[in-house]
Amino acid sequence: MAAERRTLIHWFRKGLRVHDNPALTQIFNKARASPDKFSVRPIFVLDPGILDWMQVGANRWRFLQQSLLDLDKNLKELNSRLYIVRGKPVDIFPNLFDRWNVELLTFETDIEPYAMKRDKAVQDIAAAHGVKVDTHCSHTIYNPEIVVAKNFGRAPITYQKFLSVVEKLKLPKVLDKPQRLPNGVQPIADELEVGQSDVYECPTLDQLVKRPQELGINKFPGGEREALRRLDTSLSDEHWVASFEKPNTAPNSLEPSTTVLSPYLKFGCLSARLVHQRLQEILKRHPKHSKPPVSLVGQLLWREFYYTAASVEPNFDRMLGNVYCLQIPWQERPDHLDAWAHGRTGYPFIDAIMRQLRQEGWIHHLARHAVACFLTRGDLWISWEEGQRVFEQLLLDQDWALNAGNWMWLSASAFFHQYFRVYSPVAFGKKTDRTGAYIRKYVPELAKYPAGCIYEPWKATLADQREFGCVLGIDYPHRIVNHDIVHKENIKRMSAAYKINREVRTGKQEDEIDYDSSMSLTTNKRNASFETKRSTAKRKR
DNA sequence: TTCCCGTTGGTATA
DNA sequence: TATACCAACGGGAA
């Protein structure tokens, strides 16, 4: 009798795909082996609690919505479907476990603190309801837990060290999509579905997006189908793949100079393990290929690097109490932060990047470097946490570990320490776009400025500005800081911050430390120094 | 303790 | 286009 069937649930969170999805494949195989015993319910939980954890901008909601629609389609091709459940996991699971007579729950592991807490709670609930839970690590190529264990309980904090650790590890077996379910495994409608046929349907865009005016161009639609298509396109030119070196790609080309697979990897529409396997196959045919850290494989391994580091530090996205992070007395400047976030700094290259980000949800990695350096140690001296928050909202590929890790890198707070290497908001972009075509596209008010001064519009005379149809202070802002002056001051501030951190780290007594050595002492700074001690203590443990 | 190295700086000089 | 220099960091190996 159908009523006696037991339900197998796969819970999608990240990993919005049917290919290379071991947790999904597990329940499909189990149901296929005993089709008269089981029903299969692949679910996605629309969890309002996630908003206490994450900022999600309109473009990112759209990407998720499209990914869910595509996932439902892909599951239907396998004779199943996606069930969207609305509510907090801790509230809805007890109900589902009872109502659906659940035997097994599977999901992909995650290392984000919000996810780990949520998953622990759900596992406890499952245990109380007699539901078995199986988890699989498939968001990353290597299991962060194993990498940490192989490195004697600590995450490697240099890329080279990370490489030496993972080189010894076995690569995962990449799975194809599961085989189609036989007829009869689909669950019969539950009491909620009866008379409410749309109760588990995918959300519409207007259900998710509260401010539709913030929706930009849909240049990178979500979903597994699009992800695999994009992968094929990216890998079609094998010479390009084999010779890829990230630093040689342009941050300001009019069309992306890199693959833009990152949003798909973030949501798991695309398996990093599959990409890795496909790359290895190509590289076998091209013995003289580029290598990590600059190669395409190297890019995947950066992702692994940050995931591993983040997996053992719940404060990875904060300066205070973060074992990796240098304590720096950043300043609060809401006006400057706002100008930066909305592309109104008066530096055309910086503004073009920030506007592209807001419109399209993706910017080149080196463009991220330029704007991140500008916000933090280069020019504005504003905390990387503020930048992280803006990126979190706007980037389609926003991934907690990568976003925080890269912000620490760029602000020279962790992993990278050569703070005297500062990006110029004027010179850096010129290397790959002499004429300023990128600026003309994203800062159209400057479109008539000639190549000679489009990166530095303040060099145009007022008469010229009028002729070019864009007067500074009226049609486009004056620059909010003078880079030539502030970046030198900031290098000194960094030097002082490093000195204090060094002294605290090496155990010099607090009263011996000269906080005033090159800048005035602020409350902020004393707190920062105090927290460093805590971090250091933690690190030694 | 010393020395080398580090995904992707900027600038001047040849 | 390549190289030296700027002023100088931390991690990690020796």
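Each chain gets a letter, A, B and so on, in the order the sequences are listed, and its residues count up from 1. As the structure is a computational prediction, the values presented were derived from the model and not from experiment.
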Out of [options], whichever nucleotide has its closest atom nearest the side chain of [X]:
X      : options               : answer
A:K246 : C:dG10, B:dG9, B:dT7  : B:dT7
A:I157 : B:dG6, B:dG10, C:dG12 : C:dG12
A:P247 : C:dA13, B:dT8, C:dG10 : B:dT8
A:W302 : B:dT7, B:dT8, B:dG10  : B:dT7
A:V294 : C:dG10, B:dG9, B:dT7  : B:dT7

Give [X] one of three labels, base, sugar-phosphate or nothing, depending on what nucleic acid heavy atoms sit under 4.0 Å from its own.
X      : result
A:K430 : nothing
A:E245 : nothing
A:V422 : sugar-phosphate

The dot-bracket string of DNA chain B, counting Watson-Crick and G-U wobble pairs with both distances under 3.5 Å, using [ ] for crossing pairs and | for pairs to another strand, is ||||||..||||||

Taking the same atom, [atom1], in [N] and in [M], what whole-Å distance lies between them?
N     : M      : atom1 : result
C:dA7 : B:dT1  : P     : 26 Å
B:dT8 : C:dG12 : C1'   : 23 Å
B:dG6 : C:dA8  : C1'   : 13 Å
C:dC6 : B:dT2  : P     : 22 Å

Whole-Å gap separating [atom2] ([N]) and [atom1] ([X]):
X      : N      : atom1 : atom2 : value
A:N406 : B:dT7  : CG    : C1'   : 11 Å
A:L163 : C:dG12 : CG    : C1'   : 15 Å
A:F162 : B:dC5  : CZ    : P     : 23 Å
A:M408 : C:dG11 : CE    : P     : 14 Å
A:H487 : B:dG9  : NE2   : P     : 14 Å
A:R377 : C:dC9  : CZ    : P     : 14 Å
A:R421 : B:dG6  : CZ    : P     : 10 Å
A:F305 : C:dG11 : CZ    : P     : 12 Å

Using a strict 4.0 Å threshold on nitrogen-to-oxygen distance, state whether [X] and [Y] make a salt bridge.
X      : Y      : result
A:D232 : A:R278 : yes
A:K499 : A:E503 : yes
A:R333 : A:E386 : no
A:R13  : A:E112 : no

Open item on the list: Side-chain N or O of A:Q160 versus OP1/OP2 of C:dA13: is the shortest distance under 4.0 Å?
Closed with: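 Negative; the distance criterion is not met.
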
Indicate whether OP1 or OP2 belonging to B:dT7 is found under 4.0 Å from a side-chain N or O atom of A:K291.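 It does not, given that no N or O in the side chain of A:K291 lies less than 4.0 Å from OP1 or OP2 of B:dT7.
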
Describe, in one word, how the ring planes of A:W458 and A:Y347 are oriented to each other, choosing from parallel (under 30°), tilted (30 to 60°) and perpendicular (over 60°).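 Because their plane-to-plane angle is over 60°, the rings of A:W458 and A:Y347 count as perpendicular.
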
Rounded to the nearest 0.5 Å, what separation is found between the NE2 atom of A:H364 and the NE2 atom of A:H369?
->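 Answer rounded to 0.5 Å: 9.5 Å.
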
Exercise for review: Among A:R358, A:R355, A:Q356, find the one that has a side-chain contact (heavy atoms from CB on, under 4.5 Å) with A:I363.
Suggested key: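 For A:I363, the side-chain contact (heavy atoms from CB on, under 4.5 Å) check succeeds only for A:Q356.
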
Which of these passes side-chain contact (heavy atoms from CB on, under 4.5 Å) with A:S413: A:Y324, A:W330, A:Y419, A:W407?
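Testing A:S413 for a side-chain contact (heavy atoms from CB on, under 4.5 Å) against A:Y324, A:W330, A:Y419, A:W407 leaves exactly one candidate, A:W330.
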
Tell me, with the steps shown, if A:N151 and A:R154 meet side chain to side chain donor-acceptor pair (under 3.5 Å). CA-CA 6 Å; A:N151 194 47; A:R154 295 147 152 231; over 6 Å; no

Test salt bridge (charged side-chain N to carboxylate O under 4.0 Å, His left out) on A:K284 and A:E281; report intermediate values, then the result. CA-CA 5 Å; A:K284 260 186 243 161; A:E281 283 163 9; over 6 Å; no

Suppose we call two aromatic rings close when their centres sit under 6.0 Å apart. Are A:Y264 and A:F63 close by that rule?
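Between A:Y264 and A:F63, the centre distance is under 6.0 Å.
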
| With stacking defined as ring centroids separated by under 5.5 Å and planes differing by under 30°, is A:F420 stacked against C:dC6? |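 No.
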
Between the protein and nucleotides 2-4 of chain B, which nitrogen or oxygen pairs come in under 3.5 angstrom?
none

